[in-house]
Amino acid sequence: MRNRYLTIFFCAVFIALAVAGCKRKEETADAPEPVQEKDLVIKGDSMLYGLVCDGTTDSVIVLWPFSGEPVTLNCIGAKQSGRIIGNPEIGDWTGVMRNAEDSTEATLILDLDQLKGTWTYPVMPVMKDLQHMSKRAQRRMMANLPDSVKQTFLVPREYGFTLKRSHKAQPVGYIIRNNTLEDDSPVQYPEVKNYKQWHTWNGKLLLVSGERPKQGATTQEQKPNVVDTLDFVYMDTDSLILRSGGIRYSFHRKQNALKANEAATQAVKKQEESKNKLN
């Protein structure tokens, strides 16, 4: 009997020491900085942000914002008008625009977790000498080009952006190549926008772009950032459609920025190898 009590006593002491050790470890560990709601909302934004909760159906969405209790909103009208952008699931970080006249109705629902990632669209180069020709003359000249030239230089590239956490953005479309090769190339591609940040604001997407840093340039010499404002039209797992100034832009999801331009990068390497052989 005495041995039994001793066993229970030592087990209790062991458990107490283990709990105390865990507590000290938690106290000394670096605590993660809490996310502040103000860091996710820019001035003038009336969107409601939160996590999609259990209870969400085809007719209502239950959203749990940073502060306060879960909010239940009617989403039948948003669904009928095609204003549910993405496929919100339980646990997804989502933004909602509410009816100004009825705060219980959602007029737009945007799945922000699904929006993150790499989105691109294909871009074709143009022959440098074609810029001053008519469209008809351009088509005729392009049709007469040898297939070997087309295969070597007329390689499509993927342009677009990668949207990351903390509103960070990265451009897609840059291909590393020698400046001399760029000058000698018979084709040229449109300028790549250097996206830096992204935000959602009143149901719209804001893309912030700026100049690529130039070696030796001072801060005063850099041009100010440009903000593109786009409307959401549609989004699913692999497709994103945005609209600006009446023009629609269709994007496709890619694994990442490097994968998006694998073919174009290989084409540039072949061009460099061909030039080195001639030299």
Side-chain angles (χ1 to χ4, degrees), residues 35 40 49 51-52 82 84-95 109-126 150-178 181-182 185 187-201 204-213 225-244 247-273:
V35 178
L40 302 175
Y49 298 96
L51 297 176
V52 178
I84 299 182
I85 309 299
N87 304 290
E89 298 181 354
I90 305 300
D92 283 1
W93 183 247
T94 301
I109 300 172
L110 172 61
D111 191 324
L112 296 172
D113 278 340
Q114 189 173 339
L115 179 62
K116 296 173 187 174
T118 298
W119 298 98
T120 68
Y121 60 95
V123 172
M124 288 296 296
V126 296
K150 292 180 181 179
Q151 293 176 2
T152 303
F153 290 101
L154 300 182
V155 179
R157 293 184 183 177
E158 296 290 333
Y159 278 23
F161 44 79
T162 299
L163 306 183
K164 303 179 179 182
R165 297 177 61 184
S166 303
H167 300 290
K168 294 180 180 179
Q170 176 183 337
V172 176
Y174 289 120
I175 304 293
I176 299 175
R177 64 188 303 170
N178 297 327
L181 182 61
E182 189 77 37
S185 175
V187 302
Q188 64 181 16
Y189 291 84
E191 182 181 356
V192 178
K193 286 195 173 184
N194 186 37
Y195 293 111
K196 299 178 177 180
Q197 300 175 25
W198 70 279
H199 298 275
T200 50
W201 181 80
K204 301 178 184 294
L205 176 63
L206 306 184
L207 292 174
V208 183
S209 60
E211 273 192 312
R212 295 187 72 184
N225 292 335
V226 177
V227 180
D228 294 330
T229 304
L230 303 107
D231 294 308
F232 290 97
V233 177
Y234 174 81
M235 181 175 68
D236 63 13
T237 305
D238 299 315
S239 301
L240 172 67
I241 301 177
L242 302 172
R243 181 176 56 230
S244 177
I247 302 175
R248 291 192 176 195
Y249 301 91
S250 298
F251 298 82
H252 298 280
R253 189 185 294 277
K254 296 292 181 179
Q255 183 177 348
N256 54 54
L258 293 176
K259 290 289 185 181
N261 274 316
E262 277 186 329
T265 301
Q266 292 300 320
V268 168
K269 288 182 179 179
K270 289 182 180 179
Q271 295 168 21
E272 291 176 343
E273 290 172 359

Would you indicate whether K259, at its atom NZ, is surrounded by more than 12 heavy atoms from other residues, nucleotides or ligands within a distance under 6.0 Å?
no
What's the spacing between L51 CG and D92 CG if we round to 0.5 Å?
8.5 Å
What are the two closest heavy atoms between A260 and T120, and how far apart are they?
CB-CG2, 4.1 Å
Using 0.5 Å steps for rounding, measure from the CG atom of L207 to the CG atom of L230.
5.5 Å
So which atom in A264 and which in R157 form the shortest heavy-atom distance, rounded to 0.1 Å?
CB-CG, 3.6 Å
Do P122 and E158 come within less than 4.5 Å of each other through their side chains, counting heavy atoms only?
yes
Hey, could you give me the OG1/OH distance between T162 and Y195, rounded to the nearest 0.5 Å?
11.5 Å
Looking at every heavy atom in both T118 and A257, which two are closest together, and how far apart are they?
OG1-N, 3.8 Å
For residues 236-244, which side-chain N or O atoms pair as donor and acceptor with protein atoms under 3.5 Å away, sequence neighbours left out?
from: D236; atom 1: OD1; to: D238; atom 2: N; distance (Å): 3.0
from: D236; atom 1: OD1; to: S239; atom 2: N; distance (Å): 2.7
from: D236; atom 1: OD2; to: Y234; atom 2: OH; distance (Å): 2.8

When every non-hydrogen atom of V52 is compared with those of P88, the smallest separation belongs to CG2-CB, 4.1 Å
Full working for side chain to side chain contact (heavy atoms under 4.5 Å, CB included) between K116 and W198:
CA-CA 10 Å; K116 296 173 187 174; W198 70 279; 4.2 Å; yes
Report the C-alpha separation of W119 and R253 in whole Å, then their side-chain angles, then the decisive distance to 0.1 Å, and conclude whether the side chain to side chain contact (heavy atoms under 4.5 Å, CB included) test is met.
CA-CA 5 Å; W119 298 98; R253 189 185 294 277; 2.9 Å; yes
Please give me the minimum heavy-atom distance between V192 and Y174, naming the atom from each residue.
O-OH, 3.5 Å
Contact check, side chains of P125 and L154, non-hydrogen atoms, under 4.5 Å:
yes
Distance, nearest 0.5 Å, that separates NE2 of H167 from OG1 of T200
6.5 Å
In Å and rounded to the nearest 0.5 Å, what is the CG to CD1 distance from L110 to I84?
11.5 Å
Using side chain to side chain contact (heavy atoms under 4.5 Å, CB included), reason through F232 and L115 one step at a time and then give a plain yes or no.
CA-CA 11 Å; F232 290 97; L115 179 62; 3.9 Å; yes
Within the 4.5 Å heavy-atom criterion, are E211 and N194 side-chain neighbours or not?
no
Using the rule ring pair (Phe, Tyr, Trp, His ring centres under 6.0 Å), only one of Y249, F161, F251 pairs with Y121; which is it?
F251
Heavy-atom pair with the smallest gap, counting every atom of P190 and V123
CD-CG1, 3.4 Å
Let me confirm one number: the CD-CG distance from Q114 to N87, rounded to the nearest 0.5 Å.
5.0 Å
